[in-house]
Novice: 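I have a structure here, written as structure tokens, and I will follow up with some questions on it.
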Amino acid sequence: MPVEFLGIAATADGSETHPRTTAAFDRDYTLRLARAHEDHGWDRVLFAYGSGSPEPAAAAAFLASHLDRLQILLAHRPNVSYPTFAAKTFATLDQISEGRLTVHFITGGTDHEQQREGDFLTKDQRYERTREYIGIVKKAWTSREPFDHEGPHYRFNDFVSDVFPVQQPRPAVSFGGSSDAAYAAGGAEADIYCLWGEPLARTAEQIERVKEAARAAGRTDVPRIQVAFRPIIAPTEELAWEKAHRTVAAIRARRESGELAPRRRPVTAAPENTGSQRLIEIAEAGERYDRALWTPTAAATGGAGNSNALVGTPETVAQALLDYYDLGVDILSARGYDLLGDAIDFGRHVIPIVREEVAKRDAAKAEAAARAVHERNQLIAVQA
């Protein structure tokens, strides 16, 4: 199966290791970073969501109007707009981008961050709302006839949109989470299920949970799997590990100074979301796993989001990514700490290795399948 690479569509140049030098939304930097991804082999970029961050749909429309190939993954929280309005926004953006949109629905991992924009539902209520919301959006994308809706969180009559996506029957829906409620919602509704980078064995367990949830929801297909990492690469293993330790030192220094307080919760609070709890648990159990997974970056941020690293030469990191591909992961998300420079380096030195190896695997599988068909046909001919 083909492999895809997801990068980040940041609108400013800051990261966990250094403060930004641009405005929160910098047109030139946003476009420069996106072009670096498009020019260096990436498939799509994520426009993330934060309560005080630039509005991602508008930023994505800006990007889509300037670039021709790069696909867009748009993060969206259901609490910030009514689903019929959101469906029109997404359809319009799919038109602007000529069919390059995927929507990532975020239920919300912490009460503190959700309440910043007036969302006071409990976590279980948020998951219930998200499932209802996605169902409405899908129907608004595909229904040419007016329809009514009455559910736990939304009620309306006689809605029909006049703008529809380019993609038929609709754009893909992306979803993530590591709790039972997340697996149930994403297993039922997602085309793509997103995980944060964990050790291979634990990732395999999560993939199976997603498949089980999809089957429980009555699906005959299963979501594609995406896994996210923070790669730290250098020409030699020694230089890569030196870079990794410098990276963690910079993160710790900024956090200790108060510059890097966790965005989604008070600095003194433990994480509420299961995904971050898992990252901290993994970090407490060990620093290094498998071929190249390194947890101190996650520990230094308090398990904040995509934060486990893959450390090594481009060849080592590529082989580590292939280990996940062999588990059934076909969308690989990567974001460095120097957003622009790391996107270019990863695109130049890692992506080609992974694509070449995936092509070899696919060719071998095709050859094996053709051989099996030939042998079966020979057996049938002999028996006849």
Side-chain angles (χ1 to χ4, degrees), residues 4-15 20-78 80-106 117 134 137-138 140-142 161-174 191-192 194 226 228 331 333-336 338-344 346-348 351:
E4 297 181 11
F5 287 92
L6 169 69
I8 190 70
T11 60
D13 66 350
S15 78
R20 74 180 188 223
T21 66
T22 65
F25 178 73
D26 184 286
R27 289 167 51 96
D28 292 340
Y29 184 82
T30 300
L31 190 55
R32 187 180 176 196
L33 179 61
R35 280 182 172 146
H37 283 85
E38 186 170 78
D39 292 344
H40 291 89
W42 298 79
D43 296 288
R44 61 169 57 87
V45 288
L46 165 67
F47 279 89
Y49 192 95
S51 58
S53 301
E55 202 285 305
F62 165 74
L63 186 67
S65 66
H66 285 78
L67 298 180
D68 298 325
R69 300 187 308 276
L70 195 65
Q71 297 177 55
I72 293 164
L73 178 59
L74 177 69
H76 179 77
R77 289 184 186 166
V80 299
S81 68
Y82 209 74
T84 51
F85 176 84
K88 294 185 295 180
T89 300
F90 304 147
T92 304
L93 182 52
D94 200 52
Q95 290 285 342
I96 293 170
S97 66
E98 298 182 302
R100 288 179 281 150
L101 177 68
T102 298
V103 182
H104 180 67
F105 290 91
I106 302 174
E117 293 189 285
I134 293 174
V137 169
K138 286 180 176 178
W141 278 340
T142 57
S161 180
D162 196 34
V163 57
F164 295 94
V166 170
Q167 299 175 79
Q168 292 299 313
R170 57 173 177 79
V173 166
S174 173
D191 303 298
I192 299 168
C194 306
Q226 173 184 305
I331 303 175
S333 174
R335 171 164 56 100
D338 171 9
L339 299 180
L340 181 61
D342 287 346
I344 293 171
F346 188 89
R348 282 177 174 168
I351 288 178

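Source: prediction; values computed, not measured.
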Novice: For the residue pair Tyr29 and Thr11, establish whether any side-chain heavy-atom pair is separated by less than 4.5 Å.
Specialist: no
Novice: Drop me the distance from Arg170's CZ to Thr142's OG1, to the nearest 0.5 angstrom.
Specialist: 8.0 Å
Novice: To the nearest 0.5 Å, tell me how far Asp28 CG sits from Leu33 CG.
Specialist: 12.5 Å
Novice: Please list, one pair per line, the donor and acceptor atoms closer than 3.5 Å that link side chains of residues 61-71 to other protein atoms, with sequence neighbours excluded.
Specialist:
{"residue": "Ser65", "atom": "OG", "partner": "Ala61", "partner atom": "O", "Å": "3.4"}
{"residue": "Ser65", "atom": "OG", "partner": "Phe62", "partner atom": "O", "Å": "2.8"}
{"residue": "His66", "atom": "ND1", "partner": "Phe62", "partner atom": "O", "Å": "2.8"}
{"residue": "Arg69", "atom": "NH2", "partner": "Glu38", "partner atom": "O", "Å": "3.4"}
{"residue": "Gln71", "atom": "OE1", "partner": "Arg44", "partner atom": "NH2", "Å": "2.8"}

Novice: Is it the case that the side chain of Gln167 and the backbone of Leu101 share a donor-acceptor pair, with hydrogens and angles ignored and the cut-off at 3.5 Å?
Specialist: yes
Novice: Using modelled atom types only, decide if a donor and an acceptor are shared between the side chain of Asp43 and the backbone of Phe5 within a distance under 3.5 Å.
Specialist: yes
Novice: Kindly indicate whether the side chain of Val103, heavy atoms from C-beta on, has any atom under 4.5 Å from the side chain of Val173.
Specialist: no
Novice: If you round to the nearest 0.5 Å, how far is NE2 of His104 from CZ of Arg77?
Specialist: 10.5 Å
Novice: Please check if the number of heavy atoms outside Glu98 that lie under 6.0 Å from its CD is greater than 12.
Specialist: no
Novice: Working to the nearest 0.5 Å, report the span between CZ of Phe164 and CZ of Phe90.
Specialist: 15.5 Å
Novice: How many angstroms lie between CG in Asp191 and NZ in Lys138, if you round to the nearest 0.5 Å?
Specialist: 5.5 Å
Novice: If you look at every heavy atom in Ala24 and Pro54, which pair is closest and at what distance?
Specialist: O-CG, 3.4 Å
Novice: Determine yes or no for a side-chain-to-main-chain donor-acceptor pair under 3.5 angstrom, with Asp342 supplying the side chain and Asp338 the backbone.
Specialist: yes
Novice: Of all the heavy-atom pairs spanning Pro165 and Asp94, show the shortest one and how long it is.
Specialist: CB-OD2, 3.4 Å
Novice: I need the minimum non-hydrogen distance between Trp141 and Ala87, along with the two atoms involved.
Specialist: NE1-O, 3.3 Å
Novice: Please determine whether the number of non-hydrogen atoms from other residues, nucleotides or ligands lying under 6.0 Å from atom OH of Tyr82 exceeds 12.
Specialist: yes
Novice: Spell out, as yes or no, whether a donor-acceptor pair under 3.5 Å connects the side chain of Ser53 to the backbone of Tyr49.
Specialist: no
